[in-house]
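When reading the values below, keep in mind they use all heavy atoms of this one structure, side chains included, and skip hydrogens, waters and symmetry mates. Numbering of residues begins at 1 and proceeds along the displayed sequence.
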Amino acid sequence: MAEMESAVEGRTASVLFAGFRALGLFSNEVPHVVRYSALKRRFFVTTCVGKSFHTYDVQKLSLVAVSNSVPQDICCMAADGRLVFAAYGNVFSAFARNKEIVHTFKGHKAEIHLLQPFGDHVISVDTDSVLIIWHIYSEEEYLQLTFDKSVFKISTILHPSTYLNKILLGSEQGSLQLWNIKSNKLLYTFPGWKVGVTALQQAPAVDVVAIGLVSGQVVIHNIKYDETLMKFHQDWGPITSISFRTDGHPIMAAGSPCGHIGLWDLEDKKLINQMRNAHSTAISGLTFLHREPLLVTNGADNALRIWIFDGPTGEGRLLRIRMGHSASLTKIRYYGQNGQQILSASQDGTLQSFSTVHEKFNKSLGHGLVNKKIVKRKGLQNTMSVRLPPITQFAAEEARQSDWDGIIACHQGKLSCSTWNYQRSTIGAYFLKPRGVKTNSSITATAVDITSCGNFAIIGLSSGAVDVYNMQSGIHRGSFGDDKAHTGSVRGVAVDGLNQLVVTAGSERLLKFWNFKTKVLIHSLGLDSSPNMMLLHRDSGILGLAMDDFSIAVLDIETRKIVREFSGHHGQINDMTFSPDGRWLISAAMDCSVRTWDLPSGCLIDCFLLDSAPLNVTMSPTGDFLATSHVDHLGIYLWSNISLYSVVSLRPLPPDYVPSIVMLPGTCQTQGMEDLEEKTELSDEMIEYESPEQLSEQLVTLSLLPESRWKNLLNLDIIKKKNKPKEPPKVPQSAPFFIPTVPGLVPRFAVPEPSSDPQQSKVVNLGILAQKSNFYLKLEEGLLNNQYEAALNLLKELGPSGIETELRNLSPDDGGSVEVMRSFLNMIGMMLDRKRDFELAQAYLALFLKLHLRMLPSEPALLEELVKLSSQVEKDWTHLQSLFNQSMCVLNYIKSAFL
């Protein structure tokens with residue numbers, strides 16, 4: 001027990017779940033980087049996703065590589081033909097093959113926000129306007145320039161084409177400076193336009209640079225003659241990024257903070273088109289591919305888009321997209337029984353499906369629209385006004401997904417619930433709502449569930465009503481209760497797997513059981529606290545209730561009784577999930593903890609903390625992954641179930657157990673595998689347990705020897721007669737060479753004894769014939785020290801024939817003595833006293849009595865020992881026989897009784 005407690009005390013991280021990878025992350029506010037591979041003749045785009053970056057092939061927008069993680073979030077990126085540079089904090093690293101860190105550069109004291117590759121060098125600028133030029137391969141500092149932030153705070157950097165060893169710097173004060181970094185000289189200062197510079201981009205023409213300003217102006221400037229060629233102005237705020245088409249069309253694209261993109265004709269000097277709502281957030285970066293009509297954009301809305309300009313009006317249309325959620329997730333659930341798809345709803349109003357296998361299987365079911373027909377008829381471009389609010393709860397069933405809608409969802413502040421079709425990836429045909437309730441009332445849908453057959457949907461309302469609808473026709477099929485099911489708001493609804501029972505939970509602390517067909521109340525159960533949410537495991541009939549007092553109650557819907565109660569969370573319980581076999585209940589709460597409760601034992605077996613509170617948790621139907629979503633995070637995080645591929649100790653955690661914080665997994669699958677292996681090794685050491693030879697001195701313990709060693713000791717003479725050969729063995733003509741071994745059950749090689757005397761006498765020494773065995777010598781020693789362990793161990797190694805020979809030689813007629821026979825009886829008495837090797841003691845004693853029965857009555861010393869043994873054997877057997885009889889009585893009753 002002491003070892004167990006020390007092992008639990010030393011454990012701080014999760015022993016059941018290890019971070020695997022993140023799903024649904026594609027981009028953030030860091031501008032993307034476009035590279036051209038001359039070897040593969042393809043363009044690649046690199047986007048940042050927190051502590052790592054993704055590289056996509058532009059041709060199909062397929063994921064090519066995921067980089068290794070860095071200690072902090074990446075704040076800016078840059079790339080040349082060979083390496084990708086990523087800055088995090090005051091350090092930046094160079095990555096080779098889009099994955100491995102090959103160089104790391106340290107020297108800044110503030111956070112780096114600009115990077116610029118420069119041949120064999122790279123330029124980095126921090127927020128204190130300290131510019132450092134590094135040699136890439138030696139990682140040495142080549143030059144450092146320090147600027148006064150109050151006069152010239154660097155905001156952008158550009159290397160103008162054909163300008164050897166020169167860089168152009170833009171500032172938040174509005175001025176620009178042209179530097180020769182080889183001679184460390186300021187060549188020219190551009191006075192600017194009295195507003196901060198936000199973007200610099202080289203135009204297709206030499207000496208011409210596009211300058212984006214905070215005021216929304218884009219200035220096309222000739223830096224050789226310091227002349228402004230043209231100006232454009234956008235009313236959407238500061239210019240975030242600029243790019244030029246190089247496929248023969250004089251078009252410039254400029255991004256804005258509100259997600260719009262302006263397209264400007266440089267010949268006619270006018271705005272030719274607007275790409276409104278290209279992203280729902282600011283345009284982080286936009287790049288026209290060289291000599292192709294393709295525009296790559298990314299933003300903080302977790303989307304990477306490629307637009308193609310093949311229309312006559314010059315308007316870009318969406319060609320390819322990789323998109324996740326742009327706001328925090330509200331609900332996630334595994335879809336189907338194969339554990340490969342996760343449905344997720346978000347505050348951005350979308351319902352999406354993410355594949356745990358490959359990103360190409362991801363799909364978006366889109367935004368919910370109030371009326372799709374009106375949108376199609378009127379051709380509304382901006383559908384924000386007709387979009388449904390975010391989904392708060394949904395239930396899905398794939399049984400009839402090919403026939404009709406299989407997903408039912410309730411929306412924030414809405415009375416009606418929408419249906420969705422997973423196969424067609426769109427919103428369904430019906431909005432389910434009760435007829436007697438006005439749409440503009442304050443009543444909202446709070447809980448939904450769908451039957452396992454996929455035919456019916458059950459919807460609970462904030463007014464306490466619970467209604468049933470047909471999923472195929474959308475027709476109302478009845479309500480529970482005379483007026484309404486609950487007097488308070490409905491917090492949860494659930495249907496069993498056979499459509500026999502419906503369970504509803506209300507805020508008035510009542511749990512009600514209804515007949516699904518007749519809608520009649522069967523049973524009502526009072527609760528100690530108001531339920532917060534409810535979850536049913538249909539296969540086992542176990543119902544989980546999360547209460548407002550941060551406790552969890554587990555009920556059996558057959559007996560309708562509470563079978564388990566758990567407490568330990570210190571915040572609101574956001575979500576729960578069952579393991580596929582129903583043995584574990586996993587809960588996530590606002591105290592940033594994820595706890596695993598073992599239902600059979602009623603104990604907490606695992607707990608770990610996260611740096612962000614988990615909002616949702618769901619377990620794969622195959623049990624291989626646990627998926628979570630978190631506050632202020634846009635992705636779905638997968639945790640692998642360690643118990644599937646490693647031995648895990650499920651020991652209960654003490655009440656004062658303090659878990660440690662576990663970092664969220666990154667997008668790379670191989671992340672943290674070394675730490676996982678170390679954790680697995682520690683876990684194996686922790687659970688290593690050696691069973692003692694005897695659990696208790698009061699328990700009769702059998703030996704671990706096979707039955708062939710002792711069961712047939714009394715029948716050896718019969719066995720020998722049956723195994724007697726019919727004819728003598730024949731010596732083979734060419735016998736193979738074998739190393740001689742010592743006869744016995746444990747094979748051992750015979751070591752020849754070296755003869756030291758070359759002239760050994762040929763006279764036979766008769767003393768050798770009377771040599772005593774090791775067993776005989778150990779019994780003689782036992783007479784002196786009363787220790788018989790060594791003699792017993794020697795006897796255990798022998799076979800039945802060897803045991804018979806040793807016991808037969810104890811007789812005085814065969815070279816033994818009465819004292820040694822008494823020592824053997826003492827050894828049997830020691831085995832019976834200690835209650836160890838019980839069957840061996842009985843077998844050895846029976847063989848001893850069979851061999852020496854005639855001479856034992858003539859020896860008073862042996863008779864005295866036999867009387868003692870007889871009483872001891874009778875006492876032990878009487879106790880065992882009573883236990884056997886009691887067990888047999890119980891078994892016979894269970895087999896024959898009518899239960």
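- Using the six-membered ring where Trp is involved, Phe309 and Phe288 have ring planes that are tilted, between 30° and 60° apart.
- Leu143 CG to Ile133 CD1: the interatomic distance, rounded to the nearest 0.5 Å, is 4.5 Å.
- Using a 4.5 Å heavy-atom cutoff, the side chains of Ser326 and Thr281 are not in contact.
- Here the closest non-hydrogen pair linking Pro204 and Thr246 is CG-CG2, 4.3 Å.
- Checked against side-chain contact (heavy atoms from CB on, under 4.5 Å), Ser150 has the following partners two or more places apart in sequence or in another chain: Asp148.
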Worksheet item: Checking side-chain contact (heavy atoms from CB on, under 4.5 Å) for the pair Leu83/Val102: CA distance, chi angles, key distance, verdict?
Response: CA-CA 9 Å; Leu83 302 173; Val102 292; 4.1 Å; yes
Fill in: Check against side-chain contact (heavy atoms from CB on, under 4.5 Å), Trp236 and Arg276
CA-CA 11 Å; Trp236 302 322; Arg276 289 185 173 268; 4.0 Å; yes
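- In this view, Ser129 and Phe147, Lys149, Lys153, Ile154 satisfy the side-chain contact (heavy atoms from CB on, under 4.5 Å) rule, not counting sequence neighbours.
- Distance check, rounded to the nearest 0.5 Å: CD1 of Ile342 to CD1 of Ile332 gives 6.0 Å.
- Under the 30°/60° scheme for interplanar angles, the aromatic rings of Tyr137 and His103 are found to stand perpendicular.
- Relative ring orientation between Tyr56 and Phe26 is described as tilted, the plane-to-plane angle lying within the 30° to 60° band.
- Across all non-hydrogen atoms, the minimal contact from Ile242 to Ile211 is CD1-C, 4.1 Å.
- Under the 6.0 Å cut-off for aromatic ring centres, Tyr36 and Phe44 do not qualify, their centroids lying 6.0 Å or more apart.
- Here Phe608 and Trp639 bring their ring centres to under 6.0 angstrom of each other.
- Proximity of a side-chain donor or acceptor of Asn302 to a complementary backbone N or O of Ser27 within less than 3.5 Å is detected.
- Shown here for Phe152 and Gln173, the closest heavy-atom pair between the two residues is CA-OE1, 3.5 Å.
- Side-chain atoms of Ser171 come within 3.5 Å of backbone N or O of Ser175 as a donor-acceptor pair.
- One finds the CD1 atom of Ile636 at 9.0 Å from the CG atom of Asn616 (value rounded to the nearest 0.5 Å).
- The two residues Phe53 and Asn98 have their closest heavy-atom pair at CE1-O, 3.7 Å.
- With hydrogens and angles ignored, the 3.5 Å screen pairs no side-chain donor or acceptor of Gln274 with any backbone N or O of Leu263.
- Of the inter-residue distances, the one linking Asp128 atom CG with Thr146 atom OG1 reads 9.5 Å to the nearest 0.5 angstrom.
- Take His630 and apply the ring pair (Phe, Tyr, Trp, His ring centres under 6.0 Å) test, not counting sequence neighbours, and it matches Tyr637.
- Formation of a donor-acceptor pair under 3.5 Å by the His633 side chain with backbone atoms of Gly635 is not found in this model.
- Two residues are said to be in side-chain contact when any heavy atoms from C-beta on lie closer than 4.5 Å; Val58 and Val45 meet this criterion.
- Remark: the backbone N or O of Ser355 is paired with a side-chain donor or acceptor of Asn362 at under 3.5 angstrom.
- By the 30° and 60° cut-offs, the orientation of the rings of Phe118 relative to His159 is perpendicular.
- With contacts defined as side-chain heavy-atom distances shorter than 4.5 Å, the pair Ile167/Ile181 qualifies.
- In this structure, the side chains of Ile251 and Leu266 stay at 4.5 Å or more apart for every pair of heavy atoms.
- Contact check on Asp57 versus Lys40 returns no salt bridge, with no Lys/Arg side-chain nitrogen under 4.0 Å from an Asp/Glu carboxylate oxygen.
- Between atom CG of residue Leu609 and atom CE of residue Met663 there is a gap of 12.5 Å, rounded to the nearest 0.5 Å.
- Between the side chain of Ser612 and the backbone N or O of Val631 there is at least one donor-acceptor pair closer than 3.5 Å.
- Residues Leu25 and Leu634 have side chains in contact (heavy-atom distance under 4.5 Å, counting atoms from C-beta outward).
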Practice prompt. Kindly indicate, with the supporting measurements, whether the criterion side-chain contact (heavy atoms from CB on, under 4.5 Å) is fulfilled by Trp307 and Leu319.
Written response: CA-CA 5 Å; Trp307 312 80; Leu319 180 63; over 6 Å; no
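- Counting only distance, with no hydrogens or angles, the side chain of Arg35 and the backbone of Thr46 share no donor-acceptor pair below 3.5 Å.
- Side-chain contact of Asp226 with Tyr188: a donor-acceptor pair under 3.5 Å is present, judged by distance alone.
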Item to complete: Tell me, with the steps shown, if Ile220 and Met252 meet side-chain contact (heavy atoms from CB on, under 4.5 Å).
Response: CA-CA 10 Å; Ile220 309 299; Met252 179 189 69; 3.8 Å; yes
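- The nearest pair of heavy atoms linking Tyr645 to Ala18 is OH-CB, 4.5 Å.
- Proximity of Ile136 to Asp120: side-chain heavy atoms (C-beta onward) are nowhere separated by under 4.5 Å.
- The main-chain N or O of Ala278 is found under 3.5 Å from a side-chain atom of Arg305 such that the two form a donor-acceptor pair.
- A donor-acceptor contact shorter than 3.5 Å links the side chain of His260 to the backbone of Asn277.
- The shortest distance between side-chain heavy atoms of Leu114 and Gln116 does not fall below 4.5 Å.
- Contact detail for Tyr163 and Lys224: the closest heavy-atom pair is OH-CB, 3.6 Å.
- In this structure, Glu292 contributes its side chain and Leu295 its backbone to no donor-acceptor pair below 3.5 Å.
- Rounded to the nearest 0.5 angstrom, Cys592 SG and Leu610 CG are separated by 7.5 Å.
- Side-chain contact check for Ile308 versus Leu318: every heavy-atom pair is 4.5 Å or farther apart.
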Practice prompt. For Phe354 and His325, run ring-ring contact (aromatic ring centres under 6.0 Å, His included): C-alpha distance rounded to whole Å, both residues' side-chain angles, the deciding distance at 0.1 Å, then the answer.
Written response: CA-CA 11 Å; Phe354 295 99; His325 288 293; 5.7 Å; yes
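- Using a 30° and 60° split on the angle between ring planes, Phe190 and His221 fall in the perpendicular class, above 60°.
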Worksheet item: Between Ser284 and His32, does a side-chain hydrogen bond (donor to acceptor under 3.5 Å, both in side chains) hold up when you go through it step by step?
Response: CA-CA 8 Å; Ser284 299; His32 67 263; over 6 Å; no
